[in-house]
Participant: 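Let me begin by handing over the structure; questions about it come next.
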Amino acid sequence: AQSVTQLGSHVSVSEGALVLLRCNYSSSVPPYLFWYVQYPNQGLQLLLKYTSAATLVKGINGFEAEFKKSETSFHLTKPSAHMRDAAEYFCAVSDSPGANSKLTFGKGITLSVRP
Amino acid sequence: KAGVTQTPRYLIKTRGQQVTLSCSPISGHRSVSWYQQTPGQGLQFLFEYFSETQRNKGNFPGRFSGRQFSNSRSEMNVSTLELGDSALYLCASSFNMAGDQETQYFGPGTRLLVL
């Protein structure tokens, strides 16, 4: 079964600093990987997804993630943090591609941005 | 195009009662999935419906059930509520095109508090 590990529960950066949120996956088949963001009292919003088309995936709001098979990682980065990036971020792996898929989520990481 | 809508947004029930939550997917989407989010367990998959049939099920007791209607709208029911059922219940819809990894779009969630 697929699984996702997000190390640490909280990351704090200064505004303008690099954001790096780590995600490692475990999968017996080529994975489909996702990053979602959740703002307070809201649902999940898709930031980006990896579906084997390209290893470097660009998403919304300036975020990107790189799929590294050798490291089983899919870390999320943003060159310059903004106050509005403060939220909870979830990495997820799909149970199977296409039909009958379900998402398995990591525990989530709370990102704080200091002025 | 309107997003995924969930009703009600907030709900307070007492132990032993039952509750029904509703989800309207994005127009044209045929797959609806339900997730439970709690601080302790994180995001967990409940079940997925496609064309009025449950296709996938998570590890939840039989008190949790659901159904999907011909217009793809879905309802989730929890009977004999327990304190531990207090959570944010998220609904996600996807187009579910075969051969392509569909993206799940999430609604804002229904926050259930069991007293």
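The figures here come from the full heavy-atom set of this structure, side chains too, leaving out hydrogens, waters and symmetry mates. Chain letters run A, B, ... following the sequence lines, proteins first, then strands; residues in each count from 1.
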Participant: Quick check: is A:L18 connected to A:V37 through a chain of hydrophobic side chains (ILVMFWY, heavy atoms under 4.5 Å apart)?
Facilitator: no

Participant: Under a 3.5 Å distance rule, please check whether B:Y105 uses its side chain to pair with a backbone N or O of A:L46 as donor and acceptor.
Facilitator: no

Participant: Hydrophobic cluster membership, with links at side-chain heavy-atom distances under 4.5 Å among I/L/V/M/F/W/Y: are A:Y89 and A:L7 in one?
Facilitator: no

Participant: Is there a ring pair (Phe, Tyr, Trp, His ring centres under 6.0 Å) between B:Y35 and A:F105? Walk through the geometry before answering.
Facilitator: CA-CA 10 Å; B:Y35 294 83; A:F105 287 89; 5.6 Å; yes

Participant: For B:F45 versus A:K102, what's the shortest heavy-atom pair and its separation?
Facilitator: CD2-CD, 3.4 Å

Participant: Answer yes if A:L44 and B:F47 sit in the same cluster of Ile, Leu, Val, Met, Phe, Trp and Tyr residues linked by side chain heavy atoms under 4.5 Å apart, and no otherwise.
Facilitator: no

Participant: Please check if the number of heavy atoms outside B:K57 that lie under 6.0 Å from its NZ is greater than 12.
Facilitator: yes

Participant: Atom NZ in A:K49, atom CD in B:Q104: separation rounded to 0.5 Å?
Facilitator: 10.5 Å

Participant: Transitively linked via ILVMFWY side-chain contacts under 4.5 Å: A:V4 with A:L76?
Facilitator: yes

Participant: Using non-hydrogen atoms and a 4.5 Å limit, figure out which bit of A:Q38 sits close to chain B: side chain, backbone, both or neither.
Facilitator: side chain

Participant: Going hydrophobic residue to hydrophobic residue with side-chain gaps under 4.5 angstrom, can you get from A:F63 over to A:M83?
Facilitator: yes

Participant: Please look at B:Q37 and chain A and tell me whether the side chain, the backbone, both or neither of the residue comes under 4.5 angstrom of a heavy atom of that chain.
Facilitator: side chain

Participant: Just so I know, are the side chains of B:L43 and A:F90 near enough to count as touching, which here means a heavy-atom distance under 4.5 Å?
Facilitator: yes

Participant: When you look at CZ of B:R9, are more than 12 heavy atoms from neighbouring residues, nucleotides or ligands closer to it than 6.0 Å?
Facilitator: yes

Participant: For chain A, find its close neighbours in residues 69-90 of chain B: heavy-atom separation under 4.5 Å, sorted by number, or none.
Facilitator: B:L88, B:L90

